[in-house]
Student: 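One structure follows; several queries about it will come next.
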Amino acid sequence: MDRPPLRTIAVVGLGTMGTGIADILARAGREVIGIDTNEAAARHAVAALESSTARSVERERMTQSERRDVLARFRTFTGLAAAAEADLVIEVVPEDYDTKCQVFAELDTVVKPDTVLATGTNALSVTRLAADSDRPERVLGLHFFNPAPAMKLVEIVSSVLTSPQAITAVTELARDLGKDPIAVGDRPGFVADGLLFGYLNQAAAMYESRYATREDIDSAMQLGCGLPMGPLALLDLIGIDTARTVLAAMYEQSRDRLHAPAPILRQLSEAGLTGRKAGRGFYTYAAPGSSEVLPDALTPDAAAERAPGRPVAAVGVVGSGTMAGDIAEVFAKSGYPTVLAARSEQKAATAKERVARSLERSVRKGRMTAEDRDTALALITPAGSLEALGEADLVVEAVAEDLEVKRRLFEQLDAVCKQGAVLATTTSSLPVVACARATARPQDVIGMHFFNPAPAMKLVEVVSTVLTDPQAHTTVREVCRKVRKHPVDCGDRAGFIVNALLFPYLNNAVKMVQEHYASLDDIDAAMKLGGGYPMGPFELLDVVGLDVSLAIERVLHEEFRDPGLAPAPLLEHLVAAGCLGRKTGRGFREYARR
């Protein structure tokens, strides 16, 4: 027998999330019973609804009459007895088992026999809460994302005890609220947070190890992956104490070291430095609750003296592939005379032709003038020999991602390039120092990792080895700024910043599918709708190439020796089958052949 629609809904806990959920429900025509033992919280929830609906009237999204109706549908109380008439109760009290169990136990004595009880947890076991209830079949998880009115994703979490009717009723409600519900099983973090918090934890550990500054870690992930916020700023927004609780719950079940909360999360939490809400976390804020970041003792000093850079009047790029041509285009558009050297005159000429087509597309799209196109193209000189690089002040190689190939190239560059020239590798995963040691001038070798497509992507990871001269480092940073790129500094270890944080997240997504926990489509939707990612993990894997992804994951696993970084067998099987992503027409999904 079908359940009647869920018309009267109680929200227990009127903090930020509870208030947002109440706002959505009241606007959607539901009778909303707001419950919080703190009268001030209840008053704040009412005031927040009054304020948000007033803004809607000002923006002509709602009439005054509709606003009055919405406000009339929201009533607040301080006791759980008020939930007696509710068809659905959504609890969003603090992430603590004892607190939630106490709420559910009291609700069992109050609500109607068929009332659905939903927990808003994003970390605790729904099954455990259900098992402690008198009617476990009506208990489920209903996980909204913050801010609830704006975020489209809702994860609907069932345990082995949950009735299909309860799931159906709540799923229909979520759709009626204009949300995109996905059904998931009961495991800590569910889909979105299960993937997100492992990544955030690794970023915290990366910062704690002093591998990179907080600003460079955040900038790298925003500019390199198109994320709306960097991981450390996001931890401050979520609450460092909340993140630690979620990770502890994930680690308790998975025993994966990637989920073991980084010690810095405990240190900050116990010091009361829990993020924006406290006015200080990884960053310092103007006031508790403020989003305005203030300079503090850890803020890099832009005026700090660095070793002076070397003059760069001419540039060389080695390679004939897409990345080599793109990098040559970047330099030429910024006015650098650029030698594009390949293994033959024909390959070099073909690479320049690709640059010409790219520049022409920019003209058609109004991004540059025909005159600027001609000027940039004239600055690129194709060459079929490395000898043409003899006068270059900076040489950037973009050849195959093979260490022996790169080492042989650097031996040759050492022989033909003038003394004082900076020699840079664009490797994304190989040790820069191995390239440096192939020369008699390791102090002049550095990593300069551009991102694809180089003309569009603003990020460059500047990778110094223990042998790199500070002058060479400053030279590359200055050149990055002149070509309108954002340099971030990091050391010479596998994955640098972006790949070291990105690929474990992608690998964990593959493991979710491998374990039949969620579908490709649901995981992609969860990360786009719940995390603000521009692409879901499987969309991204197919674009990057499964073979490329597997190679990077193997390098990370080999360097860090963490079992959690071992490539997912499903990824290895797909690569072995030749399913490499869009470039082969099939990866995690199938694509039309061009």
Side-chain angles (χ1 to χ4, degrees), residues 13-24 36 38-56 58-59 92-95 120 122 144-151 193 196-197 199-201 203-204 206-208 212-223 226-247 261-262 264-303 486 488 530-532:
L14 295 176
T16 301
M17 181 60 78
T19 298
I21 294 170
D23 186 308
I24 300 165
D36 199 299
N38 186 330
E39 290 185 10
R43 287 195 300 271
H44 182 270
V46 172
L49 184 59
E50 289 173 344
S51 178
S52 71
T53 52
R55 286 194 300 273
S56 294
E58 287 174 14
R59 295 168 184 171
V92 275
V93 300
E95 287 287 271
N122 64 344
F144 288 83
F145 287 75
N146 193 28
M151 300 297 280
D193 285 352
L196 176 66
F197 278 88
Y199 149 71
L200 296 177
N201 192 41
M206 178 181 282
Y207 172 68
E208 186 173 19
T213 67
R214 59 193 179 181
E215 288 83 2
D216 278 354
I217 291 171
D218 280 353
S219 293
M221 297 313 292
Q222 286 180 279
L223 298 174
L227 300 183
M229 293 183 76
L232 303 179
L234 183 54
L235 278 164
D236 275 356
L237 177 61
I238 291 167
I240 292 167
D241 51 343
T242 300
R244 183 185 172 208
T245 298
V246 173
L247 286 163
I264 194 171
L265 300 178
R266 174 187 58 78
Q267 295 159 12
L268 290 171
S269 295
E270 291 182 354
L273 307 179
T274 54
R276 282 193 191 182
K277 61 189 175 186
R280 187 176 162 196
F282 286 100
Y283 295 91
T284 299
Y285 299 89
S290 171
S291 61
E292 181 187 353
V293 177
L294 298 181
D296 58 22
L298 298 175
T299 303
D301 183 1
H486 183 98
V488 298

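This chain uses plain numbering: 1 for the first residue, then up along the sequence.
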Student: I'd like to know if the side chain of Glu208 and the backbone of Ile264 have a donor-acceptor N/O pair within less than 3.5 Å.
Tutor: yes
Student: Under the criterion side chain to side chain contact (heavy atoms under 4.5 Å, CB included), which of Thr16, Asn122, Ile238, Leu237 is the partner of Asn146?
Tutor: Thr16
Student: Specify the closest pair of heavy atoms between Phe282 and Ala204, including all atoms of both residues, with the distance to one decimal.
Tutor: CZ-CB, 4.0 Å
Student: Measuring from Ile217:CD1 to Met206:CE, what's the distance to the nearest 0.5 Å?
Tutor: 6.0 Å
Student: What are the two closest non-hydrogen atoms of Ile24 and Ala148, and how far apart are they?
Tutor: CD1-O, 3.2 Å
Student: Hey, is CZ on Arg214 packed in by over 12 heavy atoms from elsewhere, all under 6.0 Å?
Tutor: yes
Student: Could you check Thr299 against Asp296 for side-chain hydrogen bond (donor to acceptor under 3.5 Å, both in side chains), going step by step and ending with a plain yes or no?
Tutor: CA-CA 5 Å; Thr299 303; Asp296 58 22; 3.2 Å; yes
Student: Testing the basics here: between Gly120 and Val92, what is the closest heavy-atom pair and its distance to 0.1 Å?
Tutor: CA-CG1, 4.1 Å
Student: Around atom CD of Gln267, are there more than 12 heavy atoms from other residues, nucleotides or ligands closer than 6.0 Å?
Tutor: yes
Student: What's the shortest heavy-atom distance between Ser219 and Val488, and which atoms?
Tutor: CB-CG1, 4.2 Å
Student: Let me confirm one number: the CG-CG distance from Leu227 to Leu234, rounded to the nearest 0.5 Å.
Tutor: 9.0 Å
Student: Check whether any side-chain heavy atom of Tyr207 lies under 4.5 Å from a side-chain heavy atom of Leu235, and answer yes or no.
Tutor: no
Student: Using every non-hydrogen atom in the two residues, find where Gln222 and Pro228 come nearest and quote the distance to one decimal.
Tutor: NE2-O, 3.4 Å
Student: Could you tell me the separation between the CG atom of Leu247 and the OG1 atom of Thr242, rounded to the nearest 0.5 Å?
Tutor: 11.0 Å
Student: Looking at every non-hydrogen atom in both residues, tell me the closest pair between Tyr199 and Pro231 and how far apart they are.
Tutor: OH-CD, 3.2 Å
Student: When rounded to the nearest 0.5 angstrom, what is the spacing between CG in Leu14 and NE2 in His44?
Tutor: 10.5 Å
Student: Quick check for you: to the nearest 0.5 Å, what is the distance between Phe197 atom CZ and Arg244 atom CZ?
Tutor: 14.0 Å
Student: Rounded to the nearest 0.5 Å, what separates atom CG in Asp236 from atom OG in Ser291?
Tutor: 11.5 Å
Student: With a 4.5 Å cut-off on side-chain heavy atoms, are Leu294 and Tyr285 touching?
Tutor: no
Student: Between Asp241 and Lys277, does any side-chain N to carboxylate O distance fall below 4.0 Å?
Tutor: yes
Student: With Leu265, which of Thr274, Thr245, Ile240 fulfils side chain to side chain contact (heavy atoms under 4.5 Å, CB included)?
Tutor: Ile240
